[in-house]
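Down below is the structure, laid out as structure tokens.
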Amino acid sequence: MAFFDFLHIFTDLFNSIEKAWNKLEPEVQSALIKGSGVISVINQNLQSTPQEVFDLIEKKFPDLTKEKLTDGLAKVTAGLKVAQDTANPDALTTIQNLQTYFSGLQGKFWQGASSTMSQILAIALSPDDTSFGKIAMFIEYVYRKKVKS
């Protein structure tokens with residue numbers, strides 16, 4: 001019985017997050033979906049060329065400009081010191097650096113890095129007054145319900 005009580009807690013929590021999602025500002029919803037989605041595209045295409053990955057991102061998120069993507073990914077890589085030897089990298093170089101970084105991770109370390117990078121990218125793409133706590137609270141929900149499904 002204790003297992004089902006434990007499972008019930010997570011179901012209730014997820015349902016609460018879904019209700020809160022429906023009340024979230026559309027700009028923040030969009031930033032969360034793009035942040036999680038872009039990192040997911042990169043992760044799913046580690047053996048593809050950076051140009052192929054960029055094309056997939058552009059196709060999936062046509063309203064995400066190359067400039068906004070480049071700026072957001074640069075904040076991700078700079079914040080986590082993914083590639084320290086490149087000053088002001090373009091989008092393709094940044095994608096390649098992320099592919100290399102993710103290729104060296106496995107299991108919970110890969111999951112943690114992916115979640116953290118998705119959150120940072122979502123913050124970079126969201127309105128300036130969006131709190132990190134709001135992004136962190138929704139990122140797993142977004143990945144499971146809006147990106148992965």
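The figures here come from the full heavy-atom set of this structure, side chains too, leaving out hydrogens, waters and symmetry mates. Starting from 1, each residue takes its place in the sequence as its number.
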**Message:** Within the 3.5 Å criterion, strictly below it, is a donor on Asn97 or Thr100 matched to an acceptor on the partner's side chain?
**Reply:** no
**Asked** Hey, are the side chains of Ile135 and Thr130 touching, using non-hydrogen atoms and a 4.5 Å cut-off?
**Response** yes
**Prompt:** Is Lys66 close enough and on-axis enough to Phe54, meaning under 6.0 Å and within 45°, for cation-pi?
**Reply:** yes
**Any pair counted as salt bridge (Lys or Arg N to Asp or Glu O under 4.0 Å), so long as it reaches residues 21-37, sequence neighbours left out** = Glu25-Lys134, Lys34-Asp63
Suppose we screen for side chain to side chain contact (heavy atoms under 4.5 Å, CB included). Which residues come up paired with [X], at least two apart in sequence or across chains?
| X | result |
| --- | --- |
| Lys60 | Val41 |
| Ser118 | Ser36, Ile39, Ile139 |
| Ala136 | Gln119, Phe132 |
| Ile120 | Val76, Leu80, Thr116 |

For a quick test of your reading: what N or O donor-acceptor pairs under 3.5 Å do the side chains of residues 102-110 make, sequence neighbours left out?
residue	atom	partner	partner atom	Å
Ser103	OG	Gln99	O	2.7
Trp110	NE1	Asn43	OD1	2.8

**Message:** Please enumerate all residues that pass side-chain hydrogen bond (donor to acceptor under 3.5 Å, both in side chains) together with Gln44, with sequence neighbours excluded.
**Reply:** Ser40
**Message:** Which residues pass the side-chain hydrogen bond (donor to acceptor under 3.5 Å, both in side chains) test with Asp55, not counting sequence neighbours?
**Reply:** Gln51
**Side chain Ser115, main chain Gln111, donor-acceptor under 3.5 Å** = no
**Request:** Taking Ser126 for its side chain and Ala122 for its backbone only, find out whether a donor-acceptor pair lies under 3.5 Å.
**Result:** yes
